[in-house]
Amino acid sequence: MRTQPDGPTAMSAAENLQEHLEAEGKLDKKVVAARVDGVVKDLHSAVPEGATEVVPIRAHEDDALAIIRHSTAHVMADAVQRLFPGTKVAFGPATDDGFYYDYDRPEGTFSEDDLAAIEAEMKKIIEEDLPFRREVMQREELKALLESMGESYKSEHLDRLEGELSVYKHGDWIDLCEGPHVPSTRFLAAFKLTHVAGAYWRGDERNPMLQRIYGTAFANPKLLKKHLKQIEEAKKRDHRKIGKELDLFTFHPWAPASPFFTARGAAIYNALIDYVRGLYGRHGYDEIITPQIFDRKLFETSGHLPSYGENMFFAATLDGLNEAAAELAKDPKEGEERTPESCKHIIDEHVRFGVKPMNCPSHCLLFGSQLKSYRELPLRYADFGRLHRYERSGVTQGMTRVRSFAQDDGHIFCTEEQLPGEIGAFIDLVFEVYRDFDFHDARIAIATRPDERLGDDAIWDKAEQALIAGVEAKGLPYEILEGEGAFYGPKVEFHLKDALGRPWQLGTVQADFTLPERFELEYVGADNDRHRPVMLHRAVLGSVERFYAVLIEHVAGKFPTWLAPEQLRIVTVASDFDAFAHEAAAELRKAGVRVTVDDSNERLGAKIRAARLMRVPYVGVVGGKEVEARGLGVRSRDENKDIGLLTLDQVRDRIVQESAPPSQRATNES
RNA sequence: GCCCAGGUAGCUCAGUGGUAGAGCACCUCCUUGGUAAGGAGGAGGUCGUGAGUUCAAUCCUCAUCCUGGGCUCCA
């Protein structure tokens, strides 16, 4: 049963797009859908009235991928319901790299073994070569159908839908769906189910937890294989894996989600910070140091306690805890009741301290500690202080989401007139830095007011406009993230991707009219009146830990010489040459080269292998020839070859030159 | 926080209801060698933690901690 619009079409007498394309001689086995005047439709669709252009979409084209994946999701759901009767389906869309379908299975969850069985069932369905059919249905009829099938999630979803309602069928299987789909299951040539995960119905944790099965699909097995291979390659770059291999950092259960940096790892960490310090010198920042733990009053004043308290750690003294215990042990006063609220109040009074999750409140205190003149503005405070945030246990991840970290944080106090200039200068700074690290695909997003926020809407309007104007002044493309801003102000975010293609926010700049208000900050203007400064929150690397992680994946552990914890490893051919090796190392160290000597009782090949596994940029071989010439047989990691005998002076000059960040090398030479 | 999967030597992992294994790394000795693994020997583990079942638990059960994959991409 199919419904068709009445009457002849403008283009041809063809019943549907498939026939139309066939008549035009454009139909072949690889055509999965068609683009009609820019709109993707499946081949069973009627040719719309007034259509002017019908372009076939073939399996290998980008537009086909989402269709193939969505159709594969349908086949998976069919297979699941064949194998596990009683299972209900929820959403099953195509995604950026595959598809998923959410299920509510009464018997519980799916295992990896189930996936293999489902895949086998899917293959059967594909071989059955079942055509996908679209049907437009009336709401009541459709509602009754979904109810009769027991598909309560679909039925609920139906109530939210407007406009034309359609279902798709292949074989006996039917799904509330807009389409489009491939013509038949036979077109699904390459797929793989990848993993199972829990997911809340409609993404809301108050709703029931469903079982989500993820998979991916491609136009052909070759492309699927390539994709799976890419994932394998990306896993090799995972910063957690490389961090272990290169002995950079580690974790301990007694400090969950809080990295420990080894000597090697800390060397890189400090190199990052030193690099930013170098920039600060040239960009007019003043580095300051502020406390770690504050009286709660600070966070009450800043608004962190009500708006950010869930993410904070609190601190108490033993005295404070004992006092709280004594207080709680007393009988409640006449007419008072002991409730969780009253107990909490007692605890709050004695757990007096909060550990800072951000630097901004303390920077406000410092700004306010002395009367400021307009002549001092813009005042740019920089702070590498450690921050602690209580991230929920399920969301922490390697070094990209941690509970203890530092930012290359800074707050600029300026006049409203100075705001555009400061935003522009900061954007320039961010791109200068990303170039030094060889990041080229930074994306800009502007995050606007969240639901929970401080300050009135007029202030938010002003702040959002200031940021948008700043980005637009640079002529840069950006997208708007509605409601994603910080509670005190909107943000410009700079996103980079990790090895697995996951985007991370690194740099940011945020306009804030609220905190200066709350802290009653003032400066004396040229008119001798008091004025309120505006505040910019900004970070280039963002969280140093997160930047470090993304950098590891970006360079696959091959840190450039200027960041490498070990720039040169001298290896001896035999123990006779150990003395010269140590002498050479000592001399290079005087010039600041980070050099070690491997004088172990191993063969040369093994020593070179060990150095390569640690991704040391240069290996210097010392044997008879080198001792005689007072040089090193240098092997370069990046050129992956022996670059010949260099004198110690040449080695020193080369490494010293590479020890500066790229943007600063030219100036060093001139 | 919730769902799923894990946790065995420093690392990567195997394994079994009768108190444990491999490779690499480490230590010692032999070897004195020329660009990705020379040889031999040795040391190293309360099998994440706590409880339960059992004659007996690393293995089964429960709890707990930690790690990992998800929980946004709207039929």
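Here is the naming used below: chain letters follow the sequence lines, and residue numbers restart at 1 for every chain.
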Listing time: all N or O pairs from protein to nucleotides 44-51 of chain B that are below 3.5 Å?
none

Closest to the [X] side chain, choosing from [options]:
X: A:Val573; options: B:C73, B:G70, B:G34; value: B:G34
X: A:Val621; options: B:C11, B:U35, B:C71; value: B:U35
X: A:Pro256; options: B:G68, B:C73, B:C66; value: B:C66
X: A:Ala199; options: B:C71, B:G1, B:G69; value: B:C71
X: A:Glu626; options: B:G34, B:C74, B:C65; value: B:G34
X: A:Val395; options: B:U32, B:C2, B:G1; value: B:G1
X: A:Ala257; options: B:U67, B:G68, B:C65; value: B:U67
X: A:Pro93; options: B:C74, B:G70, B:C66; value: B:C74
X: A:Gln211; options: B:U35, B:C3, B:G34; value: B:C3
X: A:Ala197; options: B:G70, B:C74, B:C66; value: B:G70

May I have the distance from [X] (atom [atom1]) to [N] (atom [atom2]), rounded to whole angstrom?
X: A:Asp599; N: B:G33; atom1: CG; atom2: P; answer: 17 Å
X: A:Met614; N: B:U35; atom1: CE; atom2: P; answer: 23 Å
X: A:Tyr100; N: B:C71; atom1: OH; atom2: P; answer: 8 Å
X: A:Asp96; N: B:G70; atom1: CG; atom2: C1'; answer: 16 Å
X: A:Met399; N: B:G68; atom1: CE; atom2: P; answer: 12 Å
X: A:Trp201; N: B:G70; atom1: CH2; atom2: C1'; answer: 18 Å

[X]: partners by side chain to side chain donor-acceptor pair (under 3.5 Å), with sequence neighbours left out:
X: A:Arg401; value: A:Glu391
X: A:Ser258; value: none
X: A:Asp63; value: A:Arg35

Self-check item: Closest non-hydrogen atom pair, A:Ala34 against A:Leu17
Solution: CB-CD1, 4.2 Å
Quiz item: Do A:Thr572 side-chain atoms and A:Ser575 backbone N/O form a donor-acceptor pair below 3.5 Å?
Solution: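 No; judged by distance alone, with no hydrogens or angles, the pair does not exist.
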Quiz item: Distance-only, no hydrogens or angles: does the A:Ser71 side chain make a donor-acceptor pair with backbone N or O of A:Ile67 under 3.5 Å?
Solution: yes
Taking the same atom, [atom1], in [N] and in [M], what whole-Å distance lies between them?
N: B:G42; M: B:C4; atom1: C1'; answer: 43 Å
N: B:U67; M: B:C29; atom1: P; answer: 41 Å
N: B:C11; M: B:C26; atom1: C1'; answer: 12 Å
N: B:G45; M: B:A40; atom1: C1'; answer: 24 Å
N: B:G44; M: B:U61; atom1: P; answer: 33 Å
N: B:C27; M: B:C66; atom1: C1'; answer: 31 Å

Quiz item: Just checking, A:Arg105 and A:Phe84: is the charged tip under 6.0 Å from the six-membered ring centre and within 45° of the axis?
Solution: yes
Quiz item: Between A:Arg69 and A:Phe218, is NZ or CZ placed under 6.0 angstrom from the six-membered ring centre and within 45° of the ring axis?
Solution: yes
[N] phosphate, OP1 or OP2, under 4.0 Å from [X] side-chain N/O:
X: A:Lys241; N: B:U12; value: no
X: A:Tyr214; N: B:C71; value: yes
X: A:Gln397; N: B:G69; value: yes
X: A:Arg105; N: B:C3; value: no
X: A:Thr95; N: B:C73; value: no

[X]: what forms a ring pair (Phe, Tyr, Trp, His ring centres under 6.0 Å) with it, not counting sequence neighbours?
X: A:His495; value: none
X: A:Tyr153; value: A:Trp201
X: A:Phe261; value: A:Tyr269, A:Tyr548
X: A:Tyr101; value: A:Tyr103

Quiz item: So which pairs with a foot in residues 247-257 of chain A pass side-chain hydrogen bond (donor to acceptor under 3.5 Å, both in side chains), sequence neighbours left out?
Solution: none
Practice problem: Name the residue closer to the 5' end of RNA chain B, choosing between A:Lys244 and A:Leu158 according to the nucleotide with the nearest heavy atom. | Solution: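 Checking each residue's closest nucleotide, the 5'-ward one belongs to A:Lys244.
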Self-check item: A:Glu205 vs A:Gly623, nearer the 5' end of RNA chain B by closest nucleotide
Solution: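 Going by which nucleotide is closer to the 5' end, it is A:Glu205.
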Self-check item: Donor-acceptor pair under 3.5 Å, A:Tyr200 side chain vs B:G1 base
Solution: yes
[X] with [Y]: basic N within carboxylate O range, under 4.0 Å:
X: A:Glu164; Y: A:Arg134; value: yes
X: A:Lys154; Y: A:Glu147; value: no
X: A:Glu233; Y: A:Arg237; value: no

Quiz item: ring-ring contact (aromatic ring centres under 6.0 Å, His included) between A:Phe313 and A:Tyr390: does it pass, once the steps are laid out?
Solution: CA-CA 6 Å; A:Phe313 286 103; A:Tyr390 176 67; 5.8 Å; yes
Quiz item: Which dot-bracket notation, 5' to 3', represents the base pairing of RNA chain B when pairs are defined as Watson-Crick or G-U with both distances under 3.5 Å, crossing pairs as [ ], and inter-strand pairs as |?
Solution: (((((((..((((....[..)))).(((((.......))))).....(((((..]....))))))))))))....
Quiz item: Contact class for A:Glu310 (heavy atom, under 4.0 Å): base, sugar-phosphate, or nothing?
Solution: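 Answer is nothing: A:Glu310 stays at 4.0 Å or more from every strand.
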Under-3.5 Å N/O pairs linking protein and nucleotides 36-39 of chain B:
from, atom 1, to, atom 2, distance (Å)
B:A36, N7, A:Arg612, NE, 2.8
B:A36, N6, A:Arg612, NE, 2.8
B:A36, N6, A:Arg612, NH2, 2.4
B:A37, N7, A:Arg609, NE, 3.4
B:A37, N6, A:Arg609, NH2, 2.5
B:A37, N1, A:Arg609, NH1, 3.1
B:A37, N1, A:Arg609, NH2, 3.4
B:A37, N3, A:Arg609, NH1, 3.3
B:G38, OP1, A:Glu602, OE1, 2.9

Quiz item: When every nucleotide of nucleotides 5-10 of chain B is labelled 5' to 3' by its protein contacts under 4.0 Å (heavy atoms), B for base, S for sugar-phosphate only, - for none, what sequence of letters results?
Solution: ------
